[in-house]
Amino acid sequence: MEFFWAQLAVVLVCIAIGGKFGGIGLGAAGGLGLFILSFIFHLAPDSPSVSVILIIISVITCTAILQAAGGLDLLVGLAEKILRARPNSITFLGPLICYIFTLLCGTSYIAFSVYPVISEIATDARVRPERAMSMSVIAANMALVASPISAVVVGMLAKAASLNISLLDILAITIPGTLLGCLVGCLFVYKKGAELADDEEFIRRQKSGEFDQQKVSAKQVDNPAQAKLGLAIFAIGVLLTVILSSFEGLRPVFDNQTMTVATTLQIVMLTTACLIMLLCRISPDALHEGSTFKSGLVGVVGIFGLSWMTGTLFGHYNDVFIVNFSSILNEYPMLFGLILFSLSILIYSPAATIIALMPLGVSMGLPAYTLIALLPAACAVFIIPGGAQIACVAFDRTGSTRLGGYVVNHSFLMPGMVSLVMSVIFCMIIANTLF
């Protein structure tokens, strides 16, 4: 432990450097930290999370091809119809739609297509858009720990493989737990702030002419039949992934070894992508036009560099941590949740946080159900505003959704904290009941 604090400082500085650039910058900064740890402090580099990265790439590939088939636009169009049918319920329906989208597709990027629609419908209904917008971002974020194909859940399965937990074990806890947590968050914001008609900023924008009257609607699908077919194939692929990952007896055996969950996920997702591509007759040019693949790969680079750097540091001191802290963490497991919470703020990635810290939680002897229940604690990326928050502020033409002048005093902070804390509590209750 002689140089631990210096090495930890290197890791934190590199995270801070990467945080200024985000995405690819985070991965590159992780590489710098890894260089310093290995070449200067002579820490043996940990093995990069290759299997997790390959799974994420296969999921991104499948989602990108679904986007090329029009499946994502079809989802957004369906969501718009549901939301416009019940505009006064936008504070609850908007976050629910974003949650479902993320759960199905494994990435919160999909919700970006829905945010402008939510803001528009709330404005037309004269419901303060801040309420629905803030919780929609939080719900999309929390759904990452409840999606069978998200990097967070995949990382959890890979890094906690020794605990013999299945995908269904995780989903049985995180889906109801985070849904209930987000419901409490929606109730929290239901009457938050002044009503739109009485909001000073909205009144000012109307008087000054700054309020834009332009209407926003979902993109029209060119070939609905193709989009529906692609969406059906994708849904079957996700369902097959859950089944094969949860029941070991359904997976093939080679040399007395059952195919791993990671390999199964990669094969099923790539197969699903190919079937969508072939049966929907997607043109080669359309495969490269969507934004999903690009944004997903940016996240992969961040996970690659950051998780490799943090894994190297924590892996080197693993035995020391076990001796000094395992008994404390087992007695007070919420402390590990606090560690997940803190690191996710710095790393700005729930997946990278889980991949970096979950091996530590496993080695400390924390029960499987406890580690699963603490997954929502890694979703604290809303503390410091990022792309989703900035975009939602821009989408809200009324000015009710705000970032504030002190970084953390923004519209998303309190709804996010309420939803995260309650999600952990509900997940703990469900986990203790089931296990």
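What you are looking at is a predicted structure, and each value in this text was computed from that prediction instead of being measured. Side chains are part of it too, since the values below use all heavy atoms of this structure and drop only hydrogens, waters and symmetry mates.
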Just by distance, do the side chain of S344 and the backbone of F341 share a donor-acceptor pair under 3.5 Å?
yes
Under 3.5 Å, is there a donor-acceptor pair between the side chain of S411 and the main chain of R402?
yes
Within the structure provided, determine whether F426 and V184 are in side-chain contact (heavy-atom separation under 4.5 Å).
yes
Any donor-acceptor N or O pair under 3.5 Å, side chains Y109, T102:
no
Hey, does I354 have a side-chain heavy atom less than 4.5 Å from the side chain of K159?
no
Min side-chain heavy-atom separation S400-E201 under 4.5 Å:
no
At their closest point, which heavy atom of V137 faces which heavy atom of A388, and how far apart are they?
CG1-CB, 4.0 Å
Roughly how far, to the nearest 0.5 Å, is CD1 of I118 from CE of M133?
7.0 Å
Looking at CG of L375 and CE of M142, how far apart are the two atoms once the value is rounded to the nearest 0.5 Å?
9.5 Å
Any heavy-atom pair between the side chains of Q389 and I384 that's under 4.5 Å?
no
Rounded to the nearest 0.5 Å, how far apart are CG of L32 and CG of L37?
9.5 Å
Shortest non-hydrogen contact from I203 to A197?
CD1-O, 3.6 Å
Kindly give the heavy-atom pair with the smallest separation between I355 and S307, and that separation in Å.
CG2-CB, 3.7 Å
Modelled atom types, side-chain donor and acceptor of D46 and T312, under 3.5 Å
no
Least distance between heavy atoms, L171 atom then P176 atom
O-CD, 3.6 Å
Is the shortest heavy-atom distance from the side chain of L413 to the side chain of I383 under 4.5 Å?
yes
Check for a donor-acceptor pair, side chain of R128 on one end and backbone N or O of A194 on the other, with a separation under 3.5 Å.
yes
Tell me whether K228 at atom NZ has more than 12 heavy atoms from other residues, nucleotides or ligands lying less than 6.0 Å away.
no
Starting at CD1 of I339, measure out to CG of L374 and round the result to the nearest 0.5 Å.
10.0 Å
Would S136 and Y99 count as a side-chain hydrogen bond (donor to acceptor under 3.5 Å, both in side chains) here? Give the steps.
CA-CA 8 Å; S136 293; Y99 181 97; over 6 Å; no
Distance-only polar pair, side chains of S58 and Q266, donor-acceptor under 3.5 Å:
no
Anything under 30° is parallel, anything over 60° is perpendicular, the rest tilted; go ahead and classify Y190 against F92.
tilted
For the backbone of T174 and the side chain of T178, can you confirm whether one donor and one acceptor N or O come within less than 3.5 Å of each other?
yes
With a 4.5 Å cut-off on side-chain heavy atoms, are L83 and R86 touching?
no
Minimum-distance pair of heavy atoms, taken over all atoms of P148 and L167
CB-CD2, 3.9 Å
R281 side-chain N/O to L278 backbone N/O, donor-acceptor pair under 3.5 Å
no
Between S119 (side chain) and F395 (backbone), is there a donor-acceptor pair under 3.5 Å?
yes
Please lay out, stage by stage, how V76 and F101 fare under the test side-chain contact (heavy atoms from CB on, under 4.5 Å).
CA-CA 9 Å; V76 175; F101 274 24; 4.0 Å; yes
Going from SG on C98 to OH on Y115, what distance comes out if it is rounded to the nearest 0.5 angstrom?
5.0 Å
Matching residue for T272 among L275, I276, L270 - test: side chain to side chain contact (heavy atoms under 4.5 Å, CB included):
I276
CA sep, side-chain torsions, deciding dist, call: M334, M428, side-chain contact (heavy atoms from CB on, under 4.5 Å)
CA-CA 10 Å; M334 285 298 181; M428 277 289 189; 3.8 Å; yes
Between K192 and D199 (salt bridge meaning N to carboxylate O under 4.0 Å), is one present in this structure?
no
Is it true that E200 and R204 make a salt bridge, defined as a side-chain N closer than 4.0 Å to a carboxylate O?
no
With under 30° as parallel and over 60° as perpendicular, where do the rings of F321 and F314 fit, or are they tilted in between?
tilted
What heavy-atom pair brings V424 and A377 nearest, and what distance separates the two atoms?
CG2-N, 3.9 Å
Could you tell me if the side chain of L163 sits less than 4.5 Å from the side chain of L371, heavy atoms only?
yes
Could you walk me through whether T353 and V381 pass the side-chain contact (heavy atoms from CB on, under 4.5 Å) check?
CA-CA 10 Å; T353 302; V381 296; over 6 Å; no
Identify the residue among I90, T91, T401 that makes a side chain to side chain contact (heavy atoms under 4.5 Å, CB included) with R131.
T91
Backbone N or O of L168 within a donor-acceptor pair of the S246 side chain at under 3.5 Å?
yes
Side-chain donor/acceptor of N330 to backbone N/O of M364, under 3.5 Å
yes
Roughly how far, to the nearest 0.5 Å, is the CD1 atom of I110 from the CG atom of L75?
6.5 Å
Sub-3.5 Å donor-acceptor pair from the side chain of S150 to the main-chain atoms of L144, do we have one?
yes
Counting C-beta onward and ignoring hydrogens, is there a side-chain heavy-atom pair between S245 and V261 closer than 4.5 Å?
yes
